[in-house]
Every structure is written in structure tokens, then in C-alpha cells.
Participant: 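Supplied in C-alpha cells, the structure appears directly below.
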Amino acid sequence: MKRITILVPAYNEEAVLYKLYDRLKEVIKSVSAYQFEILFVNDGSKDHTLSIIKKMRERDKRISYVNLSRNYGKEIAMLAGLDHAKGDGVIIIDADLQDPPELIPEMIKYWEMGYDDVYAKRRSRTGETWFKKWSSSTFYKLLQKMSRIPIQENTGDFRLLDRRCVEALKQIREAQRYTKGMFSWIGYNKKEILFDRDPRAAGETKWNYSRLMDLAIEGVTSFTTTPLRLSAFCGFIISFFSFFYIIWIIAKTLLFGEPVAGYPSLMTVVLFLGGIQLISLGIIGEYLGRIFNETKNRPLYFVDEYNNEKALNQDRPVHELNKFARHLNRGRA
Ligand code: UDP
Ligand code: MG
């Protein structure tokens, strides 16, 4: 029997967990040909999320959980989930029921047809402001223009991944993660299905504009170096025209003299160039910051507890480290 893991990253989701469980249970019942695991990743919630998950696990052993040592953010929480998932396929779903679990059977259907990544694309986005819709669509257009891999618009993390996609994603251990880009980057057979995204069932969104801005910068700096090239390009164009301008100024002064004046034009040019330089420096800084963070090479997360067991401080499940150790020993023998 094939195993499917339903992976739910959860941060302060006490208000929706039971509702989510009820709906998942119904769906699971309707696809009885599989063995299901519901894997919660508690991302350092400050409410009763963990105790609710533990209570649910006592009643239903299909539920397992990873409790992270603090709040690491959804991207890392998803990776922790992928590291611990046991299924042949893994379905990533939000805890707040914005991703309807009823789509799961259709995903499985396409998975059985041989697709490796069946992702749900939003047909509509109810419960979101026009500004959020507009900013998100412009961002994707820009990102698409700048990077060579196709990035899926209006698509969240709600998808079914085959084991080989999961193994691929687990190998990408960047600290500053933009998972949405990674799904595209790894390739494999993709299939899109459409759905209408509901507003949050209860609780509050954890995203505000400053966090979305962070994610957007992450998205750009982790998938394309075009901004670096653009700033170099700008510099080049400006130097090119400046060169002729300088020659003209020199010639003019030599021929006609210079009765001073020129404060406004001088000021404009200085300010303009100063601005361009600062922007370019900022862009270089963003990439430098990324290099700094990645070279530290820290573990991406620490697990506090996995299914009632206190975990050691490592960011990979024990069974995997053992496998690695065996692999090394085999090399030695
Ligand atoms: N989430 C998480 N860690 C965080 C923030 C969010 O694991 O630091 C989870 C959250 O519990 C939910 C999912 O990520 O399951 C999506 O979060 P949210 O609904 O707040 O985002 P939105 O749907 O508004 O984009
Ligand atoms: Mg949500």
C-alpha cells in the first residue's frame, strides 16, 4: 500500500486545527487505498497548537508531529516536514483551510497518472485586498522576466510531491529559502489543477507587508542575479553619456569661457548619481548578505520533539543520519 504524508506547517493555529482534522479525516476516508500520515510541524507556536496536536495524536495514530525549537518561519517549517515525512507522496497544505483538502483525491489521481508535482493554482483570491493581488501579480511578472526558470503565478505551496521531488528539495539546504522558486527549479513532471481559494477559516494571517517584502527580496536574490547586472548596465549607460557630456563641457569652456553659474544642473547630477550609486550598493549588499548567511552553514532548524520523543540537536531525523553513517562506514570497509 502506498503511503501519503499530509504535511501541515502550523504556527498559532489553535482555532482551526480541529476543523482541519475533521475535513482531512473525511477526505482520507474517501481515498481508502492509501495509508495516510498527517504530519504537523509546530513552528514554535505561542498558543495551544502543540497540546492540541498531542491530544489528537493520542486518539489517532496516523497523526505525527515535529515540534521545532522556536519559530523559524513557514519555509523552514516545510523543510523540517519534508525531512520527517515518510510517505511515497507528500501533500503540503496550510493549516488555515485556505487550501481545500477536498482537492486531495484529484491530486492523487494525477499523481497515479505519473505526474511528480501536482500543484493547485488559485482561480480566484477571495478575502484579499486589491493591493495584495496587484502587488503579487506585478512581483511575479518582474521575477519571471528576470529569471530563466518558469515561476508559477497564483500558486501557493499546496501541492502533492512525489518522493523524488521530496528528495530533491531536501538536498537544497539554503538558509534563506524561497521554496516556491525551488518547486520550479527542481523540474520534473508538473500538473496544474485549478481551485478557488477561500478566506482563512479562523485565526489571523501571519504575513504582513514587511514579511512579504522580505520574501519578495528572497525570491529575487535567490533565483536571479539580474539586478546586479542591471545596476552595472545603468552605470555603463550613464558613464557612456557622461563621457560625451564631459567632452562637450571642456570644449565649451575652452571656446567660450565659463561665467560660473550651473548650481542647479550640478546639484541634479550629483543627486542623481548619488542615488544610483546607493541603489547599486544596496543591491550588492543584498547579495553579499545572502553569501554571508549561506557561508555560515548553520543547521537550518532544531527539533525539540518528534512524536513524543525529545530530539537531539540536529536538523535531520536520526534515521537519516544513521543511513549516512552506514554509507560512510561502507566506504571505509
Ligand atoms: N506558518 C508557519 N510559520 C510561520 C508562519 C506561518 O508555519 O512563521 C504556517 C501557518 O500556520 C499556515 C501557513 O504557514 O499553516 C500559511 O500561513 P498564513 O495562513 O498565515 O499565510 P497566508 O495564507 O496569509 O499567506
Ligand atoms: Mg492562510
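For clarity, every value in this text was computed on a predicted model and none was experimentally measured. Remember, it's 1-based here, ligands and their atoms both numbered in the order they're listed.
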Participant: Are any of the N/O atoms in A95 less than 3.5 Å from those in ligand 1?
Facilitator: yes
Participant: With F244, which of W248, F240, F241 fulfils ring pair (Phe, Tyr, Trp, His ring centres under 6.0 Å)?
Facilitator: F240
Participant: Could you check whether K2 makes a cation-pi contact with Y34, meaning its NZ or CZ is under 6.0 Å from the centre of the six-membered ring and within 45° of the ring axis?
Facilitator: no
Participant: Tell me, please, if D96 has any N/O/S atom, main chain or side chain, under 2.8 Å from the Mg ion (ligand 2)?
Facilitator: yes
Participant: Applying salt bridge (charged side-chain N to carboxylate O under 4.0 Å, His left out) to D116 and R163, what does each step give before you reach the verdict?
Facilitator: CA-CA 8 Å; D116 300 298; R163 180 44 56 183; over 6 Å; no
Participant: For atom 4 (C) of ligand 1, which of the options D157, D96, D43 provides the nearest non-hydrogen atom?
Facilitator: D43
Participant: In ligand 1, which numbered atoms sit nearer than 4.0 Å to a non-hydrogen atom of N71?
Facilitator: 3 (N), 4 (C), 8 (O)
Participant: For the CD1 atom of I92 and the CG atom of L39, what is their distance to the nearest 0.5 Å?
Facilitator: 10.5 Å
Participant: Can you tell which of M78, K74, Q98, E13 gets a heavy atom nearest to atom 12 (C) of ligand 1?
Facilitator: E13
Participant: When E218 is tested against each of R290, K74, R177, K180 for salt bridge (charged side-chain N to carboxylate O under 4.0 Å, His left out), which residue passes?
Facilitator: R290
Participant: Quick test of your reading of the structure: of L215, D94, L68, whose heavy atom lies closest to atom 13 (C) of ligand 1?
Facilitator: D94
